[in-house]
Peer 1: 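This structure is in structure tokens; I'll ask about it shortly.
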Amino acid sequence: TSNYFHVLSYDNSSNEIVDIKDAPESELDPYIKFITGYEDKNTNTGGGSKDESDRKSTHTTRSWEMKTLVSVTKRKFLFRNVGLELFFNDGSSILLTCLNKSKASSLFNSLSSRIVNKVKDEDLAEALQVSSNPNLGINYSALTDSLSGSFASNTSSTTSLANKLSQAFSSNLSSHDLSLNATKKWRQGEISNFYYLMILNTIAGRTFNDLTQYPVFPWIIADYTSEELDLNDPKTFRDLSKPMGAQTPVRAMKFKQRYEELEGTDAPLFHYGTHYSTSMIVTSYLIRLEPFVQSYLLLQGGKFDHADRLFYSIPKAWKSSSEENTSDVRELIPEFFYLPDFLVNSNNFDFGLLQNGKAINNVELPPWAKNDPKIFIQKNREALESEYVSKHLHEWINLIFGDLQRGSKAVENLNVFHPLCYNGAIDLDKIETERERHVTTGIIHNFGQTPLQIFSKSHPVKNVTTKIDIEFDRIPELPL
């Protein structure tokens, strides 16, 4: 919870920054109160208000000179247009959320007018500018207007809600579609596959500052048993044209049957009740690092899950998400391609014992990694930049960011998640009952948020397969 802070009386210019649990009840964002668990903790049990002099929490703060601000980008939080992400010339960034859209717009205009420097990387600058476009992807306002009546009346039936959610999910895209300079460069081999995926994630609203909208990357390698990795063999790679729920015929059939069984019922239609990117997935991957372990413990109720359910083996994680576990369709995060540290238990956390009596420590690696996290990262990155992946990466982009994300094409490609995982499916601010708002907020916050759809047409194929040098040293400098 130390990542959640509150600015007191922004409109009155007092600008005092306090820990969220120390903020006055009347000023707290009700959505932040709910997801951080502070709904009732700011209320005096005797009925009186909490006096500011009683605040005992201390914390460090950080400030930036206005001249170091290089970009202000509009972001969604819980699919609400209330977020702003600020980027600075030292590579740092921060995510702010406002009480409502009006306050966010006011703050955006105020900060934007004071920017004197620019983002040096022109592709990143383009991505940040495009991601602030309210017309990006689909006509969200039309969808939310059509759904607002679902929660406006207590007499609304489950059937009505299911129908409206389905209509929202299958609604036509707007005529707007993106033509990015970064796409042209990627097709010509001028930027790496890794960096292009980071650009797309940025445009689609994904950020390192929000665990619920963390950048998503694909599983690339399917071979976690060989002593040596052959990047010239197509069998080495996962099928990038299929989601993780369809990597084997048997697995695909199970999810197809689930969808068909829901047809004709009052329930919303979907293949997967879980998502490929959630805050729990992200913190599970990064559980060996601070501060992510604290975020994990917050989500897990203050203690580690049973050892066998933790992330402790790359081969096991692949087997689970691609074949064995129908509740697991997770993809990867960028750290799998540049940060060996997350695979090492350098903090010596006690994760407990597996059922076989073995203690969990460092993440178990495939044989071809030679028990070396750096080799694993290097090989995984080489696979991402390989000729095979360069020829097929557009297929995965279509699933996650493109025309196979929604509608009939998503159904055909076994790529449908719960409707509330999609932006535009519901407007939290138009839900009248507090209970329904809490339930919906919990689903959106905990069960995954699909990236904004940024392409309405099939993504073009990469034209060339030019060898690109992997600049590991440059990654930390990027303000992502």
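Below, each value reflects all heavy atoms present in this structure, side chains not excepted, and no hydrogens, waters or symmetry copies.
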Peer 1: Decide if the gap between the ring center of Tyr195 and the ring center of Trp186 is smaller than 6.0 angstrom.
Peer 2: no

Peer 1: Could you grab the distance from atom CG of Leu420 to atom OG1 of Thr441, nearest 0.5 Å is fine?
Peer 2: 10.0 Å

Peer 1: With a sphere of 6.0 Å drawn around NZ of Lys256, does it hold more than 12 non-hydrogen atoms of other residues, nucleotides or ligands?
Peer 2: no

Peer 1: Under a 3.5 Å threshold, yes or no: a donor from one side chain and an acceptor from the other, between Ser456 and Asp403?
Peer 2: no

Peer 1: Examine Phe417 together with Phe270 and report whether their ring centres are nearer than 6.0 Å.
Peer 2: no

Peer 1: Taking atom CG of Leu211 and atom CG of Leu286, what is their separation to the nearest 0.5 Å?
Peer 2: 8.5 Å

Peer 1: So Ser284 and Arg330, side-chain hydrogen bond (donor to acceptor under 3.5 Å, both in side chains) or not? Walk me through it.
Peer 2: CA-CA 11 Å; Ser284 294; Arg330 64 187 140 164; over 6 Å; no

Peer 1: Compare every heavy atom of Val329 with every heavy atom of Arg251, then report the nearest pair and how far apart it is.
Peer 2: NH2-CG1, 3.6 Å

Peer 1: Tell me yes or no: between the side chains of Asn345 and Asn361, is some donor less than 3.5 Å from an acceptor?
Peer 2: yes

Peer 1: Do Thr450 and His275 get their side chains close enough for a donor-acceptor pair, meaning under 3.5 Å?
Peer 2: yes

Peer 1: Answer yes if the side chains of Thr248 and Glu323 hold a donor-acceptor pair under 3.5 Å, and no otherwise.
Peer 2: no

Peer 1: In Å and rounded to the nearest 0.5 Å, what is the CG to OG distance from Asn325 to Ser321?
Peer 2: 9.0 Å

Peer 1: Looking only at side chains, do Asn209 and Ser93 share a donor and an acceptor under 3.5 Å apart?
Peer 2: yes

Peer 1: In plain terms, say whether Glu126 and Lys185 are close enough for a salt bridge, that is, a side-chain N and a carboxylate O under 4.0 Å apart.
Peer 2: no

Peer 1: Let me see the working for Thr236 and Asp230 under side-chain hydrogen bond (donor to acceptor under 3.5 Å, both in side chains), right down to the final yes or no.
Peer 2: CA-CA 7 Å; Thr236 297; Asp230 185 0; 5.6 Å; no

Peer 1: Just by distance, with hydrogens left out, do Asn81 and Lys74 show a side-chain donor and acceptor under 3.5 Å apart?
Peer 2: no

Peer 1: Nearest 0.5 Å, what's the OG1-CZ distance between Thr212 and Phe79?
Peer 2: 8.5 Å

Peer 1: Between Phe237 and Tyr388, does the ring centre distance come in under 6.0 Å?
Peer 2: yes

Peer 1: In terms of the angle between their ring planes, are Tyr285 and Phe336 parallel, tilted or perpendicular, with boundaries placed at 30° and 60°?
Peer 2: perpendicular

Peer 1: What's the spacing between Leu332 CG and Ile220 CD1 if we round to 0.5 Å?
Peer 2: 8.0 Å

Peer 1: Could you tell me whether Asp372 and Lys370 have a side-chain N and a carboxylate O separated by less than 4.0 Å?
Peer 2: no

Peer 1: Please tell me whether Glu261 and Gln257 have a donor and an acceptor in their side chains that are separated by less than 3.5 angstrom.
Peer 2: no

Peer 1: Regarding Glu331 and Trp396, do their side chains bring together a donor and an acceptor under 3.5 Å, going by distance alone?
Peer 2: yes

Peer 1: Distance from Leu297 atom CG to Ile287 atom CD1, nearest 0.5 Å?
Peer 2: 7.0 Å

Peer 1: Could you report the tightest heavy-atom contact between Asn415 and Pro243, atom names first, then the distance?
Peer 2: OD1-CB, 3.9 Å

Peer 1: If you count every heavy atom of other residues, nucleotides or ligands that lies below 6.0 Å from Glu260 atom CD, does the total exceed 12?
Peer 2: yes

Peer 1: Is atom CZ of Phe304 surrounded by more than 12 heavy atoms (other residues, nucleotides or ligands) closer than 6.0 Å?
Peer 2: yes

Peer 1: Is there a donor-acceptor contact under 3.5 Å linking the side chains of Arg80 and Thr97?
Peer 2: no

Peer 1: Check whether more than 12 heavy atoms from other residues, nucleotides or ligands sit under 6.0 Å from atom CG of Asp350, and answer yes or no.
Peer 2: no

Peer 1: Does one side chain, of Thr207 or Glu85, offer a donor that lies under 3.5 Å from an acceptor on the other?
Peer 2: yes

Peer 1: Taking the six-membered ring where the residue is Trp, are the ring centres of Tyr214 and Phe208 under 6.0 Å apart?
Peer 2: yes

Peer 1: Determine whether the aromatic ring centres of residues Tyr272 and Phe255 are separated by less than 6.0 angstrom.
Peer 2: yes

Peer 1: Between His459 and Tyr196, is the gap from one ring center to the other below 6.0 Å?
Peer 2: yes

Peer 1: Is there a donor-acceptor contact under 3.5 Å linking the side chains of Ser226 and Asp223?
Peer 2: yes

Peer 1: Quick one: sort the Trp219 and Tyr224 rings into parallel, tilted or perpendicular, breaks at 30° and 60°.
Peer 2: perpendicular

Peer 1: Establish, yes or no, whether a centroid distance under 6.0 Å links the rings of Phe342 and Phe292.
Peer 2: no

Peer 1: Can you confirm whether the side chains of Ser390 and Asn193 place a donor and an acceptor under 3.5 Å from each other?
Peer 2: yes

